[in-house]
Each structure stands twice: as C-alpha cells, then as structure tokens.
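Working notes, structure below.
What you see below is based on every heavy atom in this structure, not just the backbone, and it leaves out hydrogens, waters and symmetry mates. These figures come from a predicted structure and were not determined experimentally. Order of the sequence lines fixes the chain letters, A, B, ..., with proteins taken first and strands second; residue numbering starts at 1 for each chain.
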There are 2 protein chains.
Amino acid sequence: MADISPSRWDDQSAVPEVVVGRLPQYVRVLKELLSDGVEVANSQQLGQQLQVTPAQIRKDLSYFGRFGKQGRGYSVRRLLDELQQILGLNEQWNVVVVGVGRLGKAILSYPGFTPDGFHIVAALDNNPSLIGQEVEGVKVRAVEELDAVVKAQNITIAVVAVPVRFTQQVIDKLVECGIRAILNYAPTSPQVPESVKIRSIDPVLSLQSMTYYLTNGSE
Amino acid sequence: MADISPSRWDDQSAVPEVVVGRLPQYVRVLKELLSDGVEVANSQQLGQQLQVTPAQIRKDLSYFGRFGKQGRGYSVRRLLDELQQILGLNEQWNVVVVGVGRLGKAILSYPGFTPDGFHIVAALDNNPSLIGQEVEGVKVRAVEELDAVVKAQNITIAVVAVPVRFTQQVIDKLVECGIRAILNYAPTSPQVPESVKIRSIDPVLSLQSMTYYLTNGSE
DNA sequence: AGAAGATTGTGAACGAATTCTCAAATCATA
DNA sequence: TATGATTTGAGAATTCGTTCACAATCTTCT
C-alpha cells in the first residue's frame, strides 16, 4: 500500500504554508460575492478584492485541483464549496478556552466564532472563585480537568488566554492531551512540537511593526 | 534638497517587510533576557528562544548596523536599546479607538498596550447612547469629531473595531485625517493607499488556516 | 458551424528570503 | 604575547514564492 519512497522526511506534494494561509481569505471573499448574488468570478476580479495578482490566485488554486473554466472563470458557489471542503470548514470544531480572565471572557462572548463552525464548548481556569460559574453559557471548570474535558467533549482546538507566565505550561499540557491546533492570545511565542499548529494573536507586535514605518518613513 | 532620482518608487536599501516584522519579537525576547539578568547573548541562544536560525538573526540585524562582538555575542541591553530606537518604541504613541461596542470596550480595557507606549487617548462611536459616556477613563465622542480629535490629541494610530459593513468607510475617513497606521479588528481586508500601514487581527482566519492541517494532516 | 475573444492551468523565468560559509575580529588561557 | 576557541558580518549559494507567458479550452457572436 505504502509507497516505496526512499526517504520519508518530506510530504508528497506539500502545499506551501503561505498558500494555505490565503485560502481562508478567498473563502471570505467568495462568501461575500455569493451573498451579493454573483454567480461567476474570474481570477482578475477575485484578485482585485484581495489585493493579490490573478496569477497568484490561479497558482494557489492549482495546488488543489482545477476549479475554473477557460473563457469564463470560476463558479463562485462551486469554488466556495471546494475551498471549504479543503479547509475542513464544513465540520464543526469544538474549542476549549483556557483562562477566563478579562480576555478569556471577551473571547467567550465574541460572536464571530460560531457562524464559522467554531464552537466554544468548554472553559477552564485555576481561579477557585471562577470555577463552577457560568460564563456566556459555558461552565468554568478546573484546569486539572483538562484531559477529561477534551476527551469527553471531543475537543480538537484550544484557545489560550492565560497570563504570560503560565502560557508555556498550559500549552505543554494541551499538547499532552492531544490538542493539535492552538490559538494563543498571550504576548509570547510558545514552543510546540512540529506536529502541533499554533497561531498567536498579538496586537502589540502588530503595532510595533507599524511604528517602524511611522518613525523611519518618508521624511 | 530632494534626490535627483530617476524613479521615486522604491526606497534606498529598503529593509524587507518580513525583517521588520521580526524585530518586535526580538525586542520581546531581549526584554525577557534582561529581566532575567542576562547581560550577553549570542545569535545561537537568541535563535533558540525565537525558533529561528542564528544566521537569520545575524542577517536581520545586519540591515541596521553592527551590534555584536565577534567571539562574544550581543550585549542584551545595547541591542535592546538599538532595536527600540529603530522601531520607534521609545516614543509615546497616541491611539484612537473607533467603535465602542463589545470588542471596542474589550480593547479599551486591555492593559497590554500602555506598558509598550501605546496610549488610547480617544474613543469614537456613532451610537448616541454611548456618546458622552466614559469607558475605561476615556470619553466616547461622535465619529464626526474624528478630524478634530486626531488633530487636537496628536493621534497617529487608529484601532478599528466597528461592524464589517462600516469598516471600509471608517478607514477611508481615517486615511483622510492623515492616520498612517491602522490596526483593524473587523473580519475583512480593507483597502488602503500604499502610504498607509494596516494590520488585521483576525482570529477566525487563524483558526481556519489551522483546520486545514487538522483535516488533511497525517492520516 | 466557424471565427474571434476570454480565461484557465502550468512550466519557465524571475525575484525574494533564507541558509551556508568563511575571513576577520574578539576573547580566554597559559 | 602567542595559541586556540568563539562568534560576528556579509557575500555566495540555495531554497522558496511570485509572476510571466502561452497552449489549451471554453464562450459568444454572426
């Protein structure tokens, strides 16, 4: 069954990570077009919306298949479906939030996750006065219950919103429990094994990379 | 005064944007090392913390000067100072938040901006029942007052936390007022002129780019 | 049905970013 | 002060990502 591949280090025709990073944006735009009643769009039009070249869109899509029609363009509905399939956006993803402080509460009350299939089904904290309380319809439980909660509720994704000094140890625990995707809100760059995906939400870093241009820009 | 340059499109020895994007992370790590009492660090050690190769750190820094000593490494304090200087992090940056809904309020109450020199000095909304109220010590004013507020309070950076459908028009207004750095929290990719820097905070996009690997990963 | 026009998909060319490599510089030790 | 061990800085080599260019294919119009 398996290929008689000599070296097993690198994957087949691996899709570059930058490409995967752009697909969700394509999905966004396609959804918008669809709700505007647009049935067909070509790479030129898509590129305009997204500020990328038509060639890039075509090349990106070509990693996954042939979704367009020459002389015409892409069926918005078809392409949207395909991309959602590729990204796994048809599934429901159960999410645990670790850390129910100011930030964690804001995340629990953020209405933007659910419409895209990300369901926050559990919340953990180590503050005794929080444990047992309900926040946004989710009962807060002790961090010690992590493993049980992850297994019981079939959780695959974790959102981390704990103070910096706890971040690494929390993430280590998450990895132990088999979590393979982490969204980190703490202002630090935690270490994870290669097999685990992590993205950090870090507004201060974003600001700091812009002040460079404000300081050194045209003057 | 101006150079007699034939084409004025590209800057001198422009620093790649990816490099600028990494500098704030270097600053983070250096601050941590300093507070741990570490006086000297070499590119190997820095790279370990940051998950980048030593060569990359040296190359990145070489765009800005020669900060290290052969056979020894970098003075943590010196390098930190230099990078903060380069990024303009010694200055105080005044920030306006546009949109004081759930998200805007969370941003106003986020304690992570101030220690890094980003001061939220104004908040705008178009909701009459919010205007005039104080949120986290900042009085909410009407969006119409944008221009006056930006001028009066010497604001250079804007944070946008309005509903998607208002985002582009708000950003257009900000650009008109001379704002040149925008941190956008709305789930959309707004268009800005080249001279304006924009970064988007978009947790859903981050999640969606990870589900790709959960769906198509090792199986 | 045939011709003219549009647009994809993809190999090739190009450009950008990362990593390699090593001379030059510094430090540590005797 | 000389020797050996480190480590930087930066050109060269390499890898990675984007854009070009065009054959193949589909649409539209007469």
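- If you take CG of A:L46 and P of C:dG9, they are 12 Å apart, rounded to a whole angstrom.
- Contact between the side-chain N/O atoms of B:R72 and the OP1/OP2 oxygens of D:dG9 is not found at any separation under 4.0 Å.
- At a threshold of 4.0 Å, the pair A:E32-B:R165 does not count as salt-bridged, since none of the basic side-chain nitrogens sits closer than that to a carboxylate oxygen.
- Spacing between atom NZ of B:K69 and atom P of C:dA25 amounts to 14 Å, rounded to whole angstrom units.
- Residue A:N42 contributes atom CG, which lies 9 Å from atom C1' of C:dA6 at whole-angstrom precision.
- Taking 4.0 angstrom as the limit, A:Y74 places none of its side-chain polar atoms (N or O) nearer than this to OP1 or OP2 of D:dC26.
- Checked for salt-bridge contact, A:D81 and A:R77 miss the test: no charged N lies under 4.0 Å from a carboxylate O.
- For D:dA10, one of the phosphate oxygens OP1 or OP2 lies less than 4.0 angstrom from a side-chain nitrogen or oxygen of B:R66.
- Sequence order on DNA chain C of the closest nucleotides to B:V52 and A:A41 puts A:A41 first from the 5' end.
- Using a 4.0 Å cut-off between a side-chain N of Lys or Arg and a carboxylate O of Asp or Glu, B:R28 and A:D202 qualify as a salt bridge.
- At most 12 non-hydrogen atoms from other residues, nucleotides or ligands lie less than 6.0 angstrom from CZ of B:R72.
- Phosphate proximity of C:dT19 to B:T53: present, with a side-chain N or O under 4.0 Å from OP1 or OP2.
- Rounded to an integer number of Å, the gap from CZ of B:F64 to P of D:dG9 is 13 Å.
- Closest contact between the side chain of A:K59 and the listed nucleotides C:dT18, D:dT19, C:dT8 involves D:dT19.
- With D:dG17, C:dT19, D:dT19 as the candidates, the nucleotide lying closest to the side chain of B:A55 is C:dT19.
- A straight line from CG of A:D60 to P of C:dT10 spans 13 Å, rounded to a whole angstrom.
- Side chain A:Q70 to base C:dA6: no donor-acceptor pair is found below 3.5 Å.
- In this structure, the nucleotide among C:dT7, D:dG17, D:dG11 sitting nearest to the side chain of A:P16 is D:dG17.
- At whole-Å resolution of the value, CD1 in A:I57 and P in D:dC20 are 14 Å apart.
- A salt bridge between A:D36 and A:K31 is absent, with no side-chain N of the basic residue lying under 4.0 Å from a carboxylate O of the acidic one.
- Between A:Q56 atom CD and C:dG15 atom C1' the separation is 13 Å, expressed in whole Å.
- If you take CD of B:Q45 and C1' of D:dT6, they are 12 Å apart, rounded to a whole angstrom.
- Mapping A:V19 and B:G65 onto DNA chain D by nearest heavy atom places B:G65 at the nucleotide closer to the 5' end.
- Contact annotation: B:R22 reaches the phosphate of C:dT18 (side-chain N/O to OP1 or OP2, under 4.0 Å).
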